[in-house]
Amino acid sequence: MRMNLVEDLGSPAVVTLVDQITLEAAPEYNEWAAYGLTAIGYIGGWLGFGGGFVKNLGVASLPLTVRHIRERMAGGTSRRAMSPARPMTYRVPAASRARGIHQTTVPEFEDIRVS
C-alpha cells in the first residue's frame, strides 16, 4: 500500500488546524467550519475536484461533523464540553464508596465559624 504524504497526512492536518484555530479564535464558527470541510470534501470528491486531498478533507472532518450534529440533537452543548474543570474534580474511589467511608469535616477546622 502506497502512502501519499500530502493527501493522507495533509488533509487530517488541515482539518485539525482549522478545528483548533476556530476553537481558539472564533468558537462560534467551529461547528460551521466542520460542516463546511465535510461538505467541501464529499461534494468535491464526488465531483472529482481536488483529487484525494479534497476527498480526505471530508473523511477527516466527518467525526467533527457527527459530534456537532449529535450535540445539536441532544439540545445544545454536551456536559463534557461545558465543564472544562470536570476531569480535575476529585472523586471518591469506588472501594471507599462501597464501604461507606466519607469524611465530611476536617477535625482541625471544626471550631471555625464563618459569619
Side-chain angles (χ1 to χ4, degrees):
M1 176 176 259
R2 187 169 170 257
M3 184 171 197
N4 297 324
L5 291 179
V6 174
E7 293 177 1
D8 297 336
L9 298 178
S11 297
V14 167
V15 170
T16 302
L17 284 173
V18 168
D19 182 47
Q20 293 303 308
I21 289 170
T22 55
L23 275 175
E24 293 296 322
E28 63 274 5
Y29 296 114
N30 180 262
E31 178 179 3
W32 297 106
Y35 294 154
L37 286 171
T38 303
I40 288 169
Y42 280 102
I43 293 170
W46 180 58
L47 295 174
F49 175 74
F53 181 82
V54 172
K55 176 191 67 152
N56 286 344
L57 277 178
V59 172
S61 63
L62 185 61
L64 297 174
T65 299
V66 170
R67 182 188 69 199
H68 288 299
I69 290 170
R70 190 187 82 216
E71 288 175 357
R72 283 248 178 203
M73 293 179 72
T77 309
S78 68
R79 279 185 282 157
R80 187 191 320 151
M82 287 176 59
S83 176
R86 184 178 170 140
M88 295 183 279
T89 305
Y90 175 75
R91 293 179 183 88
V92 178
S96 296
R97 283 188 303 233
R99 290 181 293 202
I101 298 173
H102 300 291
Q103 181 176 354
T104 57
T105 60
V106 178
E108 293 85 2
F109 300 111
E110 286 181 353
D111 294 333
I112 296 177
R113 303 284 182 239
V114 179
S115 48

**Student:** Can you tell me how far apart CZ (R70) and CZ (R72) are? Round to the nearest 0.5 Å.
**Tutor:**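 So the CZ of R70 and the CZ of R72 are separated by 14.0 Å.
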**Student:** Can you list every salt bridge (charged side-chain N to carboxylate O under 4.0 Å, His left out) pair that touches residues 39-61, not counting sequence neighbours?
**Tutor:** none
**Student:** Looking at every non-hydrogen atom in both residues, tell me the closest pair between P12 and A60 and how far apart they are.
**Tutor:**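 Between these two residues, the closest heavy atoms are CA-CB, 3.9 Å.
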**Student:** Considering only Ile, Leu, Val, Met, Phe, Trp and Tyr, and joining two whenever side-chain heavy atoms are under 4.5 Å apart, list the other residues clustered with M3.
**Tutor:** L5, L9
**Student:** Does T22 have any side-chain contact (heavy atoms from CB on, under 4.5 Å) partners at least two apart in sequence or in another chain, and if so, which?
**Tutor:** V18, N30, A33
**Student:** Restricting to side chain to side chain donor-acceptor pair (under 3.5 Å), what partner residues turn up for Y35, sequence neighbours left out?
**Tutor:**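 Listed in chain order: E31.
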**Student:** Not counting sequence neighbours, which residues clear side chain to side chain donor-acceptor pair (under 3.5 Å) with S61? List them please.
**Tutor:** T38
**Student:** Any pair with a residue in residues 14-29 that passes salt bridge (charged side-chain N to carboxylate O under 4.0 Å, His left out), sequence neighbours left out, goes on the list, sorted by first then second residue, please.
**Tutor:**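 Checked against salt bridge (charged side-chain N to carboxylate O under 4.0 Å, His left out) - neighbours excluded - no pair reaches residues 14-29.
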**Student:** Do R67 and L64 touch side chain to side chain, with heavy atoms closer than 4.5 Å?
**Tutor:**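 Yes, their side chains come closer than 4.5 Å.
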**Student:** Work out which heavy atom in G10 is nearest to a heavy atom in F53; give both atom names and the distance.
**Tutor:** C-CE1, 3.7 Å
**Student:** Which residues satisfy the side-chain contact (heavy atoms from CB on, under 4.5 Å) test with I43, sequence neighbours excluded?
**Tutor:**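 With sequence neighbours excluded, I43 shows a side-chain contact (heavy atoms from CB on, under 4.5 Å) to A39, L47, given in chain and number order.
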**Student:** With hydrophobic residues grouped by side-chain heavy-atom distances under 4.5 Å, do L37 and V6 end up in a single group?
**Tutor:** yes
**Student:** Could you work out, with side chain to side chain donor-acceptor pair (under 3.5 Å) as the rule, every residue matching E7, not counting sequence neighbours?
**Tutor:**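 E7: side chain to side chain donor-acceptor pair (under 3.5 Å) contacts with N4.
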**Student:** When clusters are formed from ILVMFWY side-chain contacts under 4.5 Å, directly or step by step, what else is grouped with Y42?
**Tutor:**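 When side chains under 4.5 Å apart are linked, the cluster holding Y42 also contains V59, L62, V66.
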